[in-house]
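So the structure is just underneath, and the comments pick up after that.
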Amino acid sequence: MELHIKSEFECVYMINGCFHERADRLTMSEFDVVYITALPLKHTLLPYTVKLTGAENFNGELATGVRLGPDHFLLTLAPRYIIVYGNAQPLPPPSSPIARLFSLVKNGDMTSAYAMLSDQLKSGITKADLSAFFDGYDRIADCTWEDGNKFYMIDKNGMAHLHSYTVKDEFIDDIIEPD
């Protein structure tokens, strides 16, 4: 099984005592116990350790684990700030076009989201269709370990649904849900 670790902040990792600069594609057994320590590269963030015992979905304060399929498990790590009370720093904007589109739709900025689509795609759907497409999904996870513009949409129950998208002239031209 492959373990994919995504952080919402810049960091390096200690995984079962071994240093890793990147952790987007690690091999593990479904029944292994894995200790992951996130070591942030910003002085305003604190390190912490997550213990994985199996590959079942979980949702914690700083870490969320989602089984993406029989061979993939995604662990998403949130930042841990030094200041407990007060306003938290805003998260960096999503990096991929599909993640930005998802964020805009979820935040209700349909005009900006619709502007990210190619003219051909806009001719076939309305803003309401675009909003309805992402309805029922809580998060999105880019599938950076495979070629192509693949991503998982994760629903409220933690189920992951694989999709892909195409980009034409820097606009999203199509979103495909495999059979």
If you define the side chain from C-beta out and look only at heavy atoms, does anything of Pro79 sit under 4.5 Å from Pro40?
no
Using residues 9-16 as the side-chain source, report each donor-acceptor pair under 3.5 Å to any protein atom, sequence neighbours left out, with the distance given to one decimal.
| unit_1 | atom_1 | unit_2 | atom_2 | d |
| --- | --- | --- | --- | --- |
| Tyr13 | OH | Ser7 | OG | 2.5 |
| Asn16 | OD1 | Tyr35 | N | 2.8 |

Rounding to 0.5 Å, atoms CD (Glu2) and CZ (Arg25) come to a distance of 4.0 Å
So which of Thr166, Asp173, Asp169 actually passes side chain to side chain donor-acceptor pair (under 3.5 Å) with Ser118?
Asp173
side-chain hydrogen bond (donor to acceptor under 3.5 Å, both in side chains) filter on Ser164, not counting sequence neighbours, yields none
Give the table of side-chain donor-acceptor pairs shorter than 3.5 Å for residues 58-71, with sequence neighbours excluded, one pair per line with atom names and distance.
| unit_1 | atom_1 | unit_2 | atom_2 | d |
| --- | --- | --- | --- | --- |
| Asn59 | OD1 | Thr64 | OG1 | 3.1 |
| Arg67 | NE | Gly69 | O | 2.9 |
| Arg67 | NH1 | Glu30 | OE2 | 3.3 |
| Arg67 | NH1 | Ala55 | O | 3.4 |
| Arg67 | NH2 | Pro70 | O | 3.2 |

Only pairs under 3.5 Å count here: list side-chain donor-acceptor contacts from residues 155-163, not counting sequence neighbours, and write none if there are none.
| unit_1 | atom_1 | unit_2 | atom_2 | d |
| --- | --- | --- | --- | --- |
| Asp155 | OD1 | Asn157 | N | 2.9 |
| Asp155 | OD1 | Gly158 | N | 3.1 |
| Asp155 | OD1 | Met159 | N | 2.9 |
| Asp155 | OD2 | His161 | NE2 | 3.2 |
| His163 | ND1 | His161 | O | 3.0 |

Least distance between heavy atoms, Tyr48 atom then Ala78 atom:
OH-O, 2.6 Å
Going through the checks in order, is the side-chain contact (heavy atoms from CB on, under 4.5 Å) test met by Thr76 and Glu8?
CA-CA 8 Å; Thr76 305; Glu8 297 173 359; 3.9 Å; yes
Taking Asp109's backbone N and O only, do any of them form a donor-acceptor pair with Ser112's side chain (distance below 3.5 Å, no angle check)?
no
N/O donor-acceptor pair under 3.5 Å between Asn107 side chain and Ser103 backbone:
yes
How far does NE2 of His20 sit from CG of Leu39, to the nearest 0.5 angstrom?
11.5 Å
Decide yes or no on side-chain contact (heavy atoms from CB on, under 4.5 Å) for Leu52 and Val33, but give the supporting numbers first.
CA-CA 6 Å; Leu52 290 181; Val33 175; over 6 Å; no
Checking Asp135 side chain against Ala132 main chain: does a donor-acceptor pair fall under 3.5 Å?
no
Roughly how far, to the nearest 0.5 Å, is the CG atom of Leu3 from the CG atom of Leu75?
6.5 Å
Can you tell me how far apart OH (Tyr152) and NE2 (His72) are? Round to the nearest 0.5 Å.
5.0 Å
side-chain contact (heavy atoms from CB on, under 4.5 Å) between Asn149 and Asp142, worked out:
CA-CA 8 Å; Asn149 294 323; Asp142 287 314; over 6 Å; no
Holding to salt bridge (Lys or Arg N to Asp or Glu O under 4.0 Å), I want the full list of residues that pass it with Arg80, two or more places apart in sequence or in another chain.
none
Whether over 12 other heavy atoms sit under 6.0 Å from Phe31 CZ:
no
Mark yes when over 12 heavy atoms from residues, nucleotides or ligands other than Lys168 sit less than 6.0 Å from its NZ; otherwise mark no.
no
Does Leu77 reach the side chain of Ile5, with side-chain heavy atoms less than 4.5 Å apart?
yes
Reported NE2-to-CG distance for the pair His4 and Leu26, which is rounded to 0.5 angstrom
9.0 Å
Who else is in the cluster with Phe133 when I, L, V, M, F, W and Y are joined by side-chain contacts under 4.5 Å?
Ile98, Leu101, Phe102, Leu104, Val105, Met110, Tyr114, Met116, Leu117, Leu121, Ile125, Leu130, Phe134, Tyr137, Ile140, Phe151, Met153, Tyr165, Val167, Ile172, Ile175
